[in-house]
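Each remark here refers to the structure printed beneath this line.
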Amino acid sequence: MEDEDGYLYVKDRMKDVYISGGENVYLAEVENALLGLEEIQEAAVIGVPDGRWGETGRAFVVLFEDAPELSGNEILTRLREGLATYKLPARVEVVAELPRTTGKIQKNVLRERA
């Protein structure tokens with residue numbers, strides 16, 4: 001989007017960002033970090049309410065079929081190498097599949113489960 005003075009602004013959906021402790025956390029950045037782990041086939045991140053930080057991340061991941069089992073805590077430990085602490089999800093859940101409709105992940109269903 002460009003204003004009358006020629007300044008460009010990036011505009012995205014509000015739920016593609018959550019604010020944790022006053023810091024913006026972009027869901028796509030965290031999802032890409034998760035997908036950078038070789039065992040993870042799919043990832044979805046949502047923001048959930050948190051009494052202390054305002055919101056924190058909750059990640060849902062699907063492992064590749066032949067991947068060794070990983071716990072949520074093991075995934076978080078590995079994410080610490082590439083993400084700032086405030087961007088780390090508070091919790092990572094390993095699931096068999098992510099809810100979809102016409103190929104798109106239904107994050108509203110994940111929010112209900114969180």
Side-chain angles (χ1 to χ4, degrees):
M1 182 168 87
E2 187 174 343
D3 70 9
E4 63 276 354
D5 296 323
Y7 289 97
L8 292 175
Y9 296 89
V10 176
K11 188 173 182 180
D12 207 348
R13 292 184 295 254
M14 275 302 278
K15 282 290 129 195
D16 287 345
V17 175
Y18 67 88
I19 300 173
S20 185
E23 299 284 347
N24 290 348
V25 179
Y26 295 90
L27 304 181
E29 181 181 2
V30 180
E31 290 168 350
N32 287 335
L34 287 161
L35 292 170
L37 301 178
E38 62 187 29
E39 296 88 355
I40 296 178
Q41 181 178 11
E42 296 181 296
V45 178
I46 59 170
V48 295
D50 182 83
R52 181 176 183 192
W53 300 108
E55 287 184 291
T56 59
R58 175 85 45 95
F60 298 87
V61 300
V62 177
L63 301 178
F64 282 104
E65 194 171 301
D66 59 346
E69 285 298 315
L70 282 178
S71 70
N73 286 336
E74 290 171 315
I75 293 169
L76 281 171
T77 297
R78 292 179 51 198
L79 280 180
R80 281 185 178 89
E81 298 171 13
L83 281 179
T85 303
Y86 74 91
K87 294 179 183 181
L88 291 171
R91 184 171 168 192
V92 176
E93 291 184 38
V94 178
V95 296
E97 64 182 7
L98 295 172
R100 293 182 180 276
T101 181
T102 61
K104 184 173 171 74
I105 296 172
Q106 293 180 295
K107 290 192 175 183
N108 60 322
V109 172
L110 295 176
R111 282 186 202 93
E112 291 169 8
R113 285 188 359 195

Query raised in the report: Linking Ile, Leu, Val, Met, Phe, Trp and Tyr through side-chain heavy atoms less than 4.5 Å apart, which residues share a cluster with Phe64?
Result: none
Report summary line: Sorted by chain and number, sequence neighbours left out, side-chain hydrogen bond (donor to acceptor under 3.5 Å, both in side chains) with Ser71 holds for Glu74
Query raised in the report: Members other than Leu110 in its cluster, when Ile, Leu, Val, Met, Phe, Trp, Tyr link by side-chain heavy atoms under 4.5 Å?
Result: Ile46, Val48, Phe60, Val62, Val95, Leu98, Ile105
Query raised in the report: Side chains of Val94 and Ile75: closer than 4.5 Å at any heavy-atom pair?
Result: yes
Query raised in the report: Does some side-chain heavy atom of Leu63 sit less than 4.5 Å from a side-chain heavy atom of Ile40?
Result: yes
Report task. Could you name each residue pair satisfying salt bridge (Lys or Arg N to Asp or Glu O under 4.0 Å) that touches residues 20-30, not counting sequence neighbours? Result -> Glu29-Lys87
Report summary line: Correct closest heavy-atom pair for Leu27 and Gly47 would be CD2-N, 4.4 Å
Query raised in the report: Other hydrophobic cluster members with Val109, side-chain heavy atoms of Ile/Leu/Val/Met/Phe/Trp/Tyr under 4.5 Å, chained?
Result: none
Query - Residues in side-chain contact (heavy atoms from CB on, under 4.5 Å) contact with Arg52, at least two apart in sequence or another chain - result: Asp50
Requested in this report: Report yes or no: do Leu88 and Tyr86 belong to one cluster of Ile/Leu/Val/Met/Phe/Trp/Tyr joined by side chain heavy-atom distances under 4.5 Å?
Outcome: yes
Requested in this report: Just jot down the salt bridge (charged side-chain N to carboxylate O under 4.0 Å, His left out) partners of Arg91, sequence neighbours excluded, or say none.
Outcome: Glu93
For residues 30-39, dump all side-chain donor-acceptor pairs below 3.5 Å to protein atoms at least two apart in sequence or in another chain.
residue	atom	partner	partner atom	Å
Glu31	OE2	Val45	N	2.9
Glu31	OE2	Lys107	NZ	2.6
Asn32	ND2	Ala28	O	3.2
Glu39	OE1	Arg78	NH1	3.0
Glu39	OE1	Arg78	NH2	3.1
Glu39	OE2	Arg78	NH1	3.2

